[in-house]
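Structure record follows, encoded as structure tokens.
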Amino acid sequence: ILRGEETTPHQRPYMTSLQVAGEHICGGFLISDQWVLSAAHCLEDVGNETLQVLVGAHSLSEPERNKRLAGVQELFPHPNSSAGNPHDDLLLIQLKEKVSINSDVQFLAFQRQDRDVPAGTPCEVAGWGIISNTGKRPDKLHQVELAVLSRATCNTRTHYDGAVTEKLMCTESKRKDSCKGDSGGPLVCNGVAEGVVATGSRICGNWKKPGIYTRIGPYVTWIESVLAGAHR
Ligand SMILES: CC(C)CC(=O)Nc1cccc(-c2cccc(CN)c2)c1
């Protein structure tokens, strides 16, 4: 998160840190007590090492009352997701056990209607991604408020030149922006998850490269089918 602020501890109890060998690689968020929504691209950093999901955390390093490292039962990347392509960049993670819900561990509702968030709407994104373009990694959760940018503006030649489909949405990125390590986290507008941080351009904080987010509305059928079809 560039040019945001440290979150008040445990005020975003749905936030998860996807970890490999104890290292934060991506964001994600609880959509139920056994399921996390994140970005498929996050698996590119995993290889055959064990992925774990940290819930109930504010600090990545300090002991905290309701902090738990959950194991992964099964991974469901969107079937049309693939390396290098920004489309369908979603990942559902089934946890080995149901996490106990408490003041620091809650799930977040996601938008079920396939309807664009109006341009200008203030939304928030949080994560343990880098907080400077020199790659400084925070120990504590950070957040930033970003306004939704119209798809028309986001698709101009200077921006993404038509690459932003109706299944993606953009936010302004002038100085404040999501960045490396924030992928998979939720874009929260009016208390509801409307999008999931996608990598888009690897440039952060430059107004010409707005933040790109996978809209959740268009994927509700897929999400429901995975949650219904999986066992255990
Ligand atoms: C100078 C460094 C910051 C270059 C770099 O490593 N960028 C990088 C790498 C991977 C993902 C991302 C990334 C993720 C989520 C959102 C965004 C942009 N809103 C970028 C950005």
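One-based numbering, in listed order, for ligands and for the atoms of each. Keep in mind that the numbers below use all heavy atoms, side chains included, and drop hydrogens, waters and symmetry copies.
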Judged by modelled atom types alone, do D89 and T214 share a side-chain donor-acceptor pair under 3.5 Å?
-> no

As a test of reading the model: which N/O atoms of the protein lie under 3.5 Å from N/O atoms of ligand 1, and at what distance?
residue	atom	partner	partner atom	Å
ligand 1	7 (N)	R202	O	2.9
ligand 1	19 (N)	D177	OD1	3.1
ligand 1	19 (N)	D177	OD2	3.3
ligand 1	19 (N)	S178	O	2.9
ligand 1	19 (N)	S178	OG	3.2

Under the side-chain hydrogen bond (donor to acceptor under 3.5 Å, both in side chains) test, which residues partner R175, sequence neighbours left out?
-> none

Side chain to side chain contact (heavy atoms under 4.5 Å, CB included) between W128 and L141: does it pass, once the steps are laid out?
-> CA-CA 5 Å; W128 287 275; L141 186 64; 3.8 Å; yes

For K174, the salt bridge (Lys or Arg N to Asp or Glu O under 4.0 Å) test, sequence neighbours excluded, returns none

Is the shortest side-chain N to carboxylate O distance from E23 to R137 below 4.0 Å?
-> yes

ILVMFWY cluster membership beyond V144 - transitive side-chain contacts under 4.5 angstrom = I1, V117, V125, L146, V148, M169, L187, V197, Y213

